[in-house]
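Below is one structure, written out as structure tokens, with a few remarks after it.
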Amino acid sequence: MSSRPKQSMSELKLRRLLEHNQRLREDLGRPRIRVSEASASLIRYCKTTTDHLVPSVWGPVGKNEDPYAPQTGGGCCSLQ
């Protein structure tokens, strides 16, 4: 009677190991790039993408280009 729980425990351990092995295989199959390539890509993106929240780097932003500027004209509601 005690051999049955031990067998199920070993089956559970085996199943967990097989699932972990499968996850590791999936991780191994993911495409990888070098850190130097990733950092160069990030630097290139930061240099070419305008960030309206950092005007010290990009200079003042025109109100028509700034998505964070307060809206002019028409409010959210009107009184009659």
| request: Just jot down the side chain to side chain contact (heavy atoms under 4.5 Å, CB included) partners of Ile33, sequence neighbours excluded, or say none. | output: Glu37, Ala38
| said: Please check: side-chain N/O of Thr49 versus main-chain N/O of Cys46, any donor-acceptor pairing under 3.5 Å? | reply: no
| query | Closest heavy-atom contact between Ser36 and Ser39? | reply | O-OG, 3.0 Å
| With sequence neighbours excluded, what pairs up with Arg30 under the salt bridge (Lys or Arg N to Asp or Glu O under 4.0 Å) test? | Asp27
Can you give each donor-acceptor pair under 3.5 Å made by side-chain atoms of residues 12-24, sequence neighbours left out, with the distance rounded to 0.1 Å?
none

